[in-house]
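Structure record follows, encoded as structure tokens.
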Amino acid sequence: MCGELRASDAGSKVVLMGWVNRRRDLGNLIFLDLRDRSGVTQVVITADAGAEVHDRATAVRSEFVVAVLGHVKLRDANTVNKNIPTGEIEVIADELRVLNDCKPLPFSPSDAVLANEEVRLKYRYIDLRRPELHRNIELRHQVAIAIRDHLNAQGFYEIETPFMTRSTPEGARDYLVPSRVHAGKFYALPQSPQLFKQILMISGFDKYFQIVRCFRDEDLRADRQPEFTQIDLEISFARPEIVFHTVEGFLKAAFATIGVDLATPFPQTSYDQAIRLYGIDKPDLRLPAMTHVREAFAAENLETLHVDSELPVVAIVIPKVGELSRKERDEIKAMFGDRKDAKVFEDLKRLEKSFPEAVAKIRELAKPNPEDLVVIVAGAKRTEPASAVKSGQQAYGVYSAAGQLRLALGQRYAERHGAYKHGNFRLLWVTDFPMFEWDETEQRWNAAHHPFTSPHEQDMDKLESDPGGVRALAYDVVLNGTELGSGSIRIHRQDIQSKIFKAMGMSPEEQQARFGFFLEALQYGTPPHGGIALGLDRIVMILAGAESLREVIPFPKTAKAIDLMVDAPTPVSERQLKELGIAVVGKKDL
RNA sequence: GGGGUCGUAGUUCAGUUGGUUAGAACGCUGCCCUGUCACGGCAGAGGCCGCGGGUUCGAGUCCCGUCGACCCCGCCA
């Protein structure tokens, strides 16, 4: 193939087929860079090839598909191209056939500057010819194969589950599929195969996995597409450690495809700890944790600074930032924004003038190097005394504000601290998530992970008295501040499952209507089980060093969930609608 | 739903304080060229300045609306 010929092939006769990446026409001498998925080789057409071949080579343009019959020749020393793997050789053409021509392109795969994404997505087949995208798609293949092989070797079965299934209104919005046979009824595309894999455990397939498409009708982000691929797995008689070990195993295999030897096991931290040290439930370990420094201040210091003595005071350290200008310090204040609940002290030196002992103590606690940026975030003085619950929320507010600032500063000074350079992979397990979170709009408790997650044994008695204090046997695996996957030990007892539904405000009748089949299944000998699902797209994105999922998904959708190439979604004919018993009302009428 | 960035030739971009005929590079067409590798040289074609409205003697430029791409918040059990 085009990318495979080397000096050792000199003298051999070859047939190359591929796309014309570039043509350099010097009159009687023409060079073609011939490209296929393996790479590029320079083809030389000299006068020796004859007038007919020369004429065809003259007519050839970018992205023509051609076949070349020729022989491999070592290049003269002064014409070797060290920039490409095949640069030591070239193919002297004896014969050239145009297999297909190519209209002038909207953009060329060999362009150095990319066309805008709208054009690239419309002509995705051209964009995909770029070596970068080829590499990403190949990497995706390699990663999937590595994970399959690993899980297969561990005794997992890959088992398919239905795409046309039942709508569950919890969680993300469903994509619906109308039923023709049952007019007015709908299937839903799975947000995940959650219940099916749990049923498979009940059926005795004690190690299941699937690399499977999932669908969620929510707004998109750079790292969120409406259809995405999960590495989904479930294990009977599982403890979290078994799931962790399995995931660590296949991620190690996945990272090995880019030559990275991942250290296992990954560190673990509880949700509470993550919030306290990073202000977020998906900590980016590439930057130092925050340090608690409230003790550094005397009570009257806090009073003077209008800082609440009950709320956290944390120091953010960003390494190697160096001296900041007045303008840059103002920028930090702007990043932090105007908040009622928390305040920022971005100038440690100024703080030091008024509170030398406190700042000395902060330095002792946070241990910054001289070049490091240190920023303090504290809770703003509250006007009214708060309840314990409220206090907890306010503390969370301070941590969260600090965590966001930490990430913003990390971004802003990425070049200086260098911790974001590609190849720095920091994985982490976050455990003991809260079971429920309070839904302000619905005024009820919602499952933080999903309602099939088992609560901690010790927290069972709080289910009714203190839902907010119940910890779940749920865990996330986090890479560089991105949630790669999320899982839990599941409920395997019908009575507990029912209790959880009840805690979420579901009446027995509702439970029956929505999850009756599952509550029944749980009663027929359900083994304890647990599992996890990881986003394959995100893993590949990070391994590839890509900024967006679109770089690792062959046919992605835009931020408005449109496929620009095939132009989907589209209206459908009256006849199709009628057959399905569906009438479309305009969005304005809703 | 909210906030931000962007939209000018096929592509990437420039376009001054609102002022004559909207420029460049790459690509395209034609010609020249035997050692190029982002080949080079000469000539040429190519524009609803996203779309609609407004202000103005005059709008690519100012204002309002709208559409689209991207990023973020909300949302994502």
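Below, each value reflects all heavy atoms present in this structure, side chains not excepted, and no hydrogens, waters or symmetry copies. Lettering follows sequence order; numbering is per chain, from 1.
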Ignoring hydrogens and angles, answer whether the base of B:G35 and the side-chain atoms of A:Glu90 contain a donor-acceptor pair closer than 3.5 Å. yes
Taking the [atom1] atom in each of [N] and [M], what is the distance between them to the nearest angstrom?
N     : M     : atom1 : result
B:C37 : B:A22 : C1'   : 35 Å
B:A43 : B:A25 : P     : 11 Å
B:G4  : B:G40 : P     : 43 Å
B:G60 : B:C6  : C1'   : 15 Å
B:G10 : B:C63 : P     : 27 Å
B:C72 : B:U16 : C1'   : 33 Å
B:C64 : B:G3  : P     : 13 Å
B:A9  : B:G44 : C1'   : 15 Å

Does a donor on one side chain sit under 3.5 Å from an acceptor on the other, for [X] and [Y]?
X        : Y        : result
A:Asn480 : A:Tyr420 : no
A:Ser488 : A:Arg490 : yes
A:Gln210 : A:Thr161 : yes

In whole Å, what is the span from the [atom1] atom of [X] to the [atom2] atom of [N]?
X        : N     : atom1 : atom2 : value
A:Gln191 : B:C75 : CD    : P     : 16 Å
A:Leu564 : B:G50 : CG    : P     : 19 Å
A:Asp101 : B:C28 : CG    : P     : 13 Å
A:Phe228 : B:C76 : CZ    : C1'   : 9 Å
A:Ile92  : B:U36 : CD1   : C1'   : 12 Å
A:Arg120 : B:G68 : CZ    : C1'   : 16 Å
A:Gln42  : B:A38 : CD    : C1'   : 13 Å
A:Asn21  : B:A38 : CG    : C1'   : 11 Å

Identify, with sequence neighbours excluded, every residue that meets salt bridge (Lys or Arg N to Asp or Glu O under 4.0 Å) alongside A:Lys73. A:Glu90
Checking side chain to side chain contact (heavy atoms under 4.5 Å, CB included) between A:Val566 and each of A:Asp563, A:Thr570, A:Leu564, which is the one that passes? A:Asp563
A:Asn21: which of A:Gln42, A:Arg129, A:Glu63 passes side chain to side chain contact (heavy atoms under 4.5 Å, CB included): A:Glu63
So what does [X] hit on the nucleic acid, given a heavy-atom distance under 4.0 Å: a base, only sugar-phosphate, or nothing?
X        : answer
A:Arg550 : sugar-phosphate
A:Thr453 : nothing
A:Glu483 : nothing
A:Thr79  : base
A:Ala448 : sugar-phosphate

Sorted by chain and number, sequence neighbours left out, side-chain hydrogen bond (donor to acceptor under 3.5 Å, both in side chains) with A:Arg286 holds for A:Asp284
Ignoring backbone atoms, establish whether A:Thr46 has a side-chain N or O less than 4.0 Å from OP1 or OP2 of B:U34. no
So, does A:Arg221 get its side chain near the phosphate of B:C73, meaning an N or O under 4.0 Å from OP1 or OP2? yes
Opposite nucleotide pairing with B:C26, Watson-Crick or G-U, both atom distances under 3.5 Å: B:G10
Go ahead and name the base partner of B:G19; Watson-Crick or wobble counts if both distances stay under 3.5 Å, otherwise write none. B:C57
Residue met sooner reading RNA chain B from 5', once A:Arg538 and A:Asp223 are mapped to nucleotides: A:Asp223
Return the 5'-most residue of the pair A:Ala559, A:Pro104 with respect to RNA chain B, ranking by each residue's nearest nucleotide. A:Pro104
All pairs passing ring-ring contact (aromatic ring centres under 6.0 Å, His included) where residues 485-508 of chain A contributes a residue, at least two apart: A:Phe501-A:Phe515
Candidates B:G1, B:C76, B:C37 - which lies nearest the side chain of A:Asp219: B:G1
Nearest of B:C71, B:C37, B:A69 to any side-chain atom of A:Asn81? B:C37
Sub-3.5 Å pairs of nitrogen or oxygen atoms, protein against nucleotides 11-14 of chain B:
| unit_1 | atom_1 | unit_2 | atom_2 | d |
| --- | --- | --- | --- | --- |
| B:U11 | O4' | A:Pro106 | O | 3.0 |
| B:U12 | OP1 | A:Asn116 | N | 2.5 |
| B:U12 | OP1 | A:Asn116 | ND2 | 3.3 |

Angle class for the A:Phe452/A:His450 ring planes (parallel below 30°, perpendicular above 60°, tilted otherwise)? tilted
Contact state string [nucleotides 39-46 of chain B, B base, S sugar-phosphate only, - no protein heavy atom under 4.0 Å]: B-------
The side-chain contact (heavy atoms from CB on, under 4.5 Å) partners of A:Asp36 (sequence neighbours excluded) come to A:Met1, A:Cys2, A:Ser38
Counting distance only, does the side-chain N/O of A:Arg120 pair as donor-acceptor with the main-chain N or O of A:Leu114 below 3.5 Å? no
Carboxylate-amine/guanidinium contact A:Glu218 A:Arg173, below 4.0 Å: yes
